[in-house]
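Here's the structure, in structure tokens; my notes come after.
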2 protein chains.
Amino acid sequence: MTVIDHAARTPVYRQIGDRLRDAIERGEYPPGARLPSEADLVREYGVARGTARAAHRYLVRLGLVEVEPGRGAYVVEAQP
Amino acid sequence: MTVIDHAARTPVYRQIGDRLRDAIERGEYPPGARLPSEADLVREYGVARGTARAAHRYLVRLGLVEVEPGRGAYVVEAQP
DNA sequence: TTTCATTTGTCCGTATGTATT
DNA sequence: AAATACATACGGACAAATGAA
């Protein structure tokens with residue numbers, strides 16, 4: 001199930017991040033929900049862990065997600 | 001939690017350990033005194049037990065503390 | 001003696017942080 | 001971006017040591 005296009009101009013981490021963002025905005029991951037872990041993304045998309053991390057970081061930059069060491073990546077509670 | 005900053009570059013166990021070290025050097029825990037237990041640190045700082053243990057170990061590495069199974073963590077008696 | 005609470009010791013699994021190559 | 005290694009952190013479970021009831 002590879003939606004990921006390594007040849008695209010859009011970085012892989014953002015392709016994955018955008019998919020997660022869409023899922024969040026669709027309500028599949030409501031506020032407070034835990035997103036797939038880095039390892040999950042590695043398994044699901046066949047990417048390196050650094051890329052999975054970058055996808056999480058990307059969502060953090062967007063203010064959609066908070067990452068907590070040893071716990072996971074969570075959808076932020078309050079959102080305008 | 002007041003003092004603990006998971007985002008800091010200093011590991012949490014060392015932030016806690018440094019606070020205990022300061023307290024020891026201020027005389028709040030004189031030689032032979034028992035330090036807060038792992039469970040105490042867990043309660044006080046809201047960290048996992050492994051982190052509390054790491055804080056104790058950190059002070060042992062510094063030569064300030066000795067840990068005794070079933071008894072607790074004690075400030076060493078002799079100090080240069 | 002046994003029982004119990006407290007405390008540290010160890011192991012497991014999972015997850016993120018950082019650095020190097 | 002990938003691959004690897006190690007450090008840090010969380011949570012749970014059970015064992016062992018201690019000391020007091």
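Below, read A as the first sequence line, B as the second, and so on, with proteins coming before strands; counting in each chain starts at 1.
B:Arg57 comes within 4.0 angstrom of nothing in the nucleic acid, heavy atoms only. Residue contacts shown for B:Gly50 are absent, as no nucleic acid heavy atom lies under 4.0 Å away. A:Ala54 comes within 4.0 angstrom of nothing in the nucleic acid, heavy atoms only.
Rounded to an integer number of Å, the gap from NE2 of B:His56 to P of C:dG9 is 10 Å. The interatomic distance linking A:Arg49 (CZ) with D:dA1 (P) rounds to 16 Å, in whole Å. If you measure from atom CD of B:Glu68 to atom P of C:dT7, you get 14 Å, rounded to the nearest angstrom. Note: CD (B:Glu38) to P (D:dC10) measures 14 Å, nearest angstrom. Between the OH atom of A:Tyr58 and the P atom of D:dA1 there is a distance of 13 Å, given to the nearest Å. As rounded to whole Å, 11 Å separates atom P of D:dT18 from atom OH of B:Tyr74. Look at CZ on A:Arg53: it is 17 Å from P on D:dA7, rounded to the nearest Å. Atom CG of A:Leu35 is separated from atom P of C:dA15 by 12 Å (rounded to the nearest Å).
The two atoms that bring B:Val42 and B:Arg49 nearest to each other are CG2-CA, 3.6 Å, heavy atoms only. Pairing each heavy atom of B:Val65 with each of B:Ala73, the nearest pair is CG1-CB, 3.9 Å.
Minimum atom distance to the side chain of A:Val67 is reached by C:dT16, of the listed D:dT8, C:dT16, D:dC10.
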Trace of the side-chain contact (heavy atoms from CB on, under 4.5 Å) decision for B:Leu41 with B:Leu20:
CA-CA 10 Å; B:Leu41 298 179; B:Leu20 290 172; 4.2 Å; yes
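Residue A:Thr51 is the one, among A:Thr51 and B:Gly70, whose nearest nucleotide of DNA chain D lies closer to the 5' end (criterion: closest heavy atom).
Side chains of B:Ile24 and B:Leu35 form a contact here, defined as non-hydrogen atoms less than 4.5 Å apart.
Taking the charged nitrogens against the carboxylate oxygens, A:Arg19 and A:Asp22 have no contact shorter than 4.0 Å, which rules out a salt bridge.
Taking a pair to require two hydrogen-bonding distances under 3.5 Å in either a Watson-Crick or a G-U wobble arrangement, C:dT8 pairs with D:dA15.
B:Tyr13 has no side-chain polar atom (N or O) that falls below the 4.0 Å cut-off from OP1 or OP2 of D:dA9.
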